[in-house]
Structure formats: structure tokens, C-alpha cells
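Just so we're clear, the structure is a prediction, and the values are computed from it rather than from any experiment. Numbers here are sequence positions counted from 1.
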Amino acid sequence: VKSPDGKHSAIDYYGPSPDNKYVGYGISVGGSEESVLHVIEVATGKPTRDIIDRANFGNPSWLPDGRMIYNRLQKMAPNAPVTDKYQNSRVYIHKLGEDPESDTVLIGAGLSPDMKIEPGEIPVAIHPVGSSYVIVQSYNGTQREIKVWAAPLSALAGEKTPWTKVADTADEVNDAQVSGDSIYLLTHKGTPRFKVLRTSLAKPDIAGAETAVAPTESVVTAIATAKDALYVRKMNGGNSELFRLEYAASASPTPVALPFVGDLEGLAVDAREPGAVFGLGGWTRFGGYFKYNPGAKKVVDTHLQPQGAFDNPTNLVETEVKAKAPDGTLIPMSIVHKKGMKLDGSNPTIVYGYGAYGISQTPFFRPTWLPWFDRGGVLAVTHVRGGGEYGEDWYKAGYKGTKSNTWNDAIACAEWLVANQYTSPPKMSIMGGSAGGIFVGRSITERPELFGAAVDEVPLSDMVRFESSANGIPNIPEFGTVTNEEGFKALYAMSAYHWIRDGVKYPAVLVTTGLNDPRVDAWQAAKMAARLQAASASGKPVLLRVDYDAGHGYGSTKKSQYEERADTFAFLLWQAGVKGFQP
């Protein structure tokens, strides 16, 4: 949707009321993620007069009486520093039709003696359907471990609500899901590949909690509570596994057979309905949306996503390999290309990766990549440390003081591709974005001769100054702080901008940004491009691409996404010397 000034708006999130009478949804302009919460009446399709700004952290939750619970950022003072933006947010209860400025405060930093919430934490309150409790989860910026509290629904009394602690940061809980009056906790305490605990909300006792899902070789990555059972998503070597655990005390997890090997995402359930709905896709096929029917014990295609002509091509092949890092660790890599490709070192190849926050590079397919494959291109997705492919240990091996493993792993994968004649340095590029700007930036500053080109998308480039931006404070748990020696040394080591040297022959680089980016300020990309332009002695282009109606990529229109993808591939094919893309 475009506003009168020509800027587009996007839906950031939505949350329907359990009775299906209303839907609360967040709208932001130009990819800014500055969400304004609106409510629409389902029966009439008409919006209500409930409009709440600074509601960046959806989804809203609903109480049985029709009131809505939501998180709202503080109203910034005129001269407040930008680093205050995400401090002291609060959870409010809103009655439809009333003035949001008069909403009841439920939780926030310093409000309740029963809850130790720090100013930088983001608390979120949820009323799970079918439960007689309200749950609070508090997030310390990008830290994966959360705090959890519970209170009886009948005892909600604004700031005086009697909250009971379920889990603290030290319990290393990453997720909590409720079924009735039981709570399931996903934790990596004592087991880097995670396990699931179960305890009572009436008397939560995490120390004495029952182990519902014991740790195995596979990494537990998600849990969801349906009417019939707990559904558990696991990851083994990047590919997904699905298990079902009935609520009976004697039950044990049983595997659910998936229609093909790939990545299961968006595990969706309803406490009033049995079964689970999920997306399933692979490296060479989009896949679709599927539902597990526990009565029939079958996974069926919902056909919610119509299959297009380009969603499941038959001419692509995927190979799994491992490259040896400098310390001897074997780094997995997933390679995709057209069938029949020759290994003669001549193929344009993208080394793609991320390596942060414990986020794994799981199988994905996008039809927008077909133009790359159709022109002989190779996609090599690297599973570098800093991601979560092998659990918490893999994540923490590319984190703060160990972050150098992220780019050393990337370099090892690139060298493997050359040694095995998939490509050669002039035809090889490296691509990544956001925190993947460290993956890209430090790879090309460490080994500039190894790559012919690079695409640095909305990149974190100057890590030393990141902390001075609005989103820098929430990212301290992931990257560290310049306020102590250990933190500064780690940040300097991963700060690509500071490792650019004058007179070095750097590869061609395309740096992209959106002017409304709330996660990585646009100056990070501009600073990186300017320094490379001034320093590089290769004569190859360093370009800065700015989208003035976009942000970090979230909320961008299809048109802007397609245009950026076209520019990216044209740039890389040009630099790889592919016929038809030369000036």
C-alpha cells in the first residue's frame, strides 16, 4: 500500500483474538519497522478507532474478555540520545475503544517487586489459549536466553499482579510454551543441543522439572503446544525432523515422517485443535505448507500455497560437503547448481553465509535465484560458526572473542571451492548481510585476492561505533561492549571498516542499504563503501546502492526486492566475466 507521499507501508505482524472477532496488526512505513498497532473488526472488515504508535514488538495477545495486551516503547524526550529508544518499554492492557494513553500498565522495568526487569529488556505478555495463566517473557536485546514469569489470569491487577518466577537467565531457557496449566521450557543448560523440560504453572520448579524431551545428537530448535500433543522440531545437519509428544506422563517423543528432506519452518498450532501446520522446503524446491493429522497419522499438503511453474525445478542438484578450517574443524557447506555442470574452475560462484545469533542456514529455495543458476551460477551456502547448526557450542564458537572463526570458516569454504574446481578467485564472490557484514567484510579484508567480488548487504561494518546507535545497545549481548578492554578488542577484531588498508587490491564490492533501516543504520554501509573506494588499488568498482523507501529488508515491496536482486546478479555476472553482462 502506498501513502499519498509515495511511500509504501507493510504489515509487520498480526494477532487475531481467539473468538475471531478482531485482528490486531502492526503497520510501518518504508521498511522502518516503526509499527503502529491497529485493530480491524473481522465481520465487517472495518478498522476500529484503536491506533497505538510505538508498538514495534508485536504480536498483540488477547484476554478472554476481549482486552488486548501489547508492548509499547517509551515516548522519547525531545533531546534524548538515540540509545534510549529501546529502553524502558512496558506492557499495557488496552480495552477497545478507549484512549491508549490511559491504558493500564501491566509490567515494565522497576514496576513490580516480584520481577527483576532491567531497563534494556523487552517484556512481552501472552495469554495462551485454554490456559488460566498469563505468561511474561522478557528479552535482553538479542540475547537468546529469556526470563519467564507466570500469574493466574484471575489475579491480573496491573502493576500489583503477583508474578511467580518460572525461569531466570541462568536457567538458559530460549523458549516457553504453555498447554493448560503446564509449561514446556526449551533449554540448553548442561546440553548444547537442547532439551525440553515440563513443570507446573501452579508451582513452577525448574530445578525439579521433568525432562519431557531428552537431548540427542539432533538440535531441538522449536516447540509448539497443540490440543493433542507437544510438537518438537529438531535439526540434524541443517535438515529438519519433527516429533510428537503426547501429554500423558508416560509418553515419549515419536517421529513424524515428512514428505521429503528439507527445512521445516513456521511450526503453527492451536490449543483448540489437534495437529500442526508447517512450511517445508529444500535447497532445490519451494515445497509448500503441510499439515500433520494425528488421527490419520499422515502429513498432507494443505495447498495453501499454489505451486507455480518455477517453484519446483527439476534441473537443480544439491551437494553437501565439508571444508577444513584452520583449527581443523570441519565446516559444512551446501552447494546448489544446475545438473551437468563441469568442475573446471570456470563457474561464477557465490559464497553465502551469516554466522551470528545462533541462526542456522537451513535449506531454502527462492525462484528469484533461478536467473543465477540458469547462467551457470553456483550457490555455496556456508554453515560457519556463530550459527546454530550444531547447537550452542557451534554458536558460541563464533561469538565475541571467538568471532574470528566466522570469517576463517568462510575463507576455508572458499578455498575448498577453488581446490575442487567449482570456481576460481576471479569468478568467486562472497555475499551476506546485516551481521553477515562481518562474514563478508572480514573475509575480503583478510583475503582480498581470494574473491573477485563481494555483495555486502545492509552490513554491520563499523563494530566499534555500533554501540552508539539505537539498536547497538540491544546487541551488546551478541557482540560485546567497547566499555571494557576485552569487549573492545573483540569488536575491533570483527570491525571490517578498521581492517581496510590503503593500496590493497580489493575485489569489486556492491554495498547496499535502506535509508529507513532501524537495525543497522545506513551510515554503516556508506562508511564501508567510502573507505573501500578511497583505499582500493585494484581499479575494480566499489558501489553503494541506497533504497530511500526501504529499511533492513523487512517490509520491502516485491518490486524493490526484485530490483535489488537483479542489480546484485548483474553486478556479480559482470565481475565474473559472463557474456552479455559486460559494458
Side-chain angles (χ1 to χ4, degrees), residues 142 238 323 325 331-336 348-362 364 366 368-369 372 377-389 394-395 398-399 403-415 417 423 428-448 450-463 466 475 478-479 494-497 499-500 506-514 517 519-520 524-525 528-529 532 542-545 552-554 561 564-565 567-569 571-572 575:
T142 58
I331 312 302
M333 183 164 49
S334 306
I335 306 173
V336 185
T349 298
I350 295 173
V351 179
Y352 184 88
Y354 187 69
Y357 305 108
I359 296 173
S360 304
Q361 297 302 296
T362 52
F364 69 88
R366 303 289 182 271
T368 51
W369 278 86
W372 179 255
V378 177
L379 171 64
V381 180
T382 62
H383 305 280
V384 298
R385 282 171 284 184
E389 281 82 349
W394 196 257
Y395 165 40
Y399 167 89
K403 191 66 182 168
S404 60
N405 284 327
T406 299
W407 62 85
N408 285 333
D409 292 354
I411 290 168
C413 288
E415 291 176 330
L417 290 164
T423 191
M428 183 164 57
S429 57
I430 186 167
M431 179 190 293
S434 191
I438 300 169
F439 169 92
V440 172
R442 286 301 282 118
S443 293
I444 64 171
T445 51
E446 196 76 9
R447 292 289 303 279
L450 188 56
F451 305 96
V455 178
D456 211 11
E457 302 171 307
V458 291
L460 279 173
S461 302
D462 183 350
M463 297 303 297
F466 183 37
N475 273 276
E478 175 68 19
F479 300 114
M494 68 180 82
S495 184
Y497 173 84
W499 290 88
I500 300 171
Y506 289 106
V509 183
L510 173 63
V511 188
T512 71
T513 188
D517 194 331
R519 300 182 183 233
V520 180
Q524 290 256 358
M528 182 71 174
L532 280 169
V542 175
L543 307 179
L544 175 65
R545 186 187 190 279
H552 203 61
Y554 302 97
Q561 291 177 23
E564 182 175 346
R565 183 57 52 85
D567 286 349
T568 298
F569 287 162
F571 176 79
L572 295 179
Q575 293 305 312

Side chains of [X] and [Y]: closer than 4.5 Å at any heavy-atom pair?
X: T568; Y: W372; result: no
X: M528; Y: L544; result: no
X: W369; Y: V336; result: no
X: L417; Y: M333; result: yes
X: V351; Y: M428; result: yes
X: E415; Y: L450; result: yes

If I compare all heavy atoms of P448 with all of P507, which pair ends up nearest, and what's the gap? O-CD, 3.6 Å
So, taking the atom named OH in Y352 and the one named CE in M431, what distance separates them when rounded to the nearest 0.5 Å?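 So the gap between those two atoms works out to 7.5 Å.
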R442-T445 side chain donor-acceptor pair, cut-off 3.5 Å: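 The criterion, which ignores hydrogens and geometry beyond distance, is satisfied for T445 and R442.
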Considering residues, nucleotides and ligands other than F364, do more than 12 of their heavy atoms fall under 6.0 Å from its CZ? yes
Please evaluate residues F479 and Y357 with respect to the criterion side-chain contact (heavy atoms from CB on, under 4.5 Å), reporting the C-alpha separation (whole Å), side-chain torsions for both, the decisive distance (0.1 Å), and the verdict. CA-CA 9 Å; F479 300 114; Y357 305 108; 3.3 Å; yes
Mind checking side-chain hydrogen bond (donor to acceptor under 3.5 Å, both in side chains) for D409 and listing every partner two or more places apart, or none if nothing turns up? R385
side-chain contact (heavy atoms from CB on, under 4.5 Å) between F569 and T368, intermediate numbers included: CA-CA 10 Å; F569 287 162; T368 51; 5.7 Å; no
Does the side-chain contact (heavy atoms from CB on, under 4.5 Å) test come out yes or no for V440 and V455, once each step is laid out? CA-CA 8 Å; V440 172; V455 178; over 6 Å; no
Go through the steps for S334 and H383 under the test side-chain hydrogen bond (donor to acceptor under 3.5 Å, both in side chains), then give the verdict. CA-CA 8 Å; S334 306; H383 305 280; 2.8 Å; yes
Within 45 degrees of the axis of the six-membered ring of F571 and under 6.0 Å from its centre: does R545 put its NZ or CZ there?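 Not flagged: R545 not positioned over aromatic ring of F571.
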Residues 429-440 vs side-chain hydrogen bond (donor to acceptor under 3.5 Å, both in side chains), sequence neighbours excluded, gives S434-H552
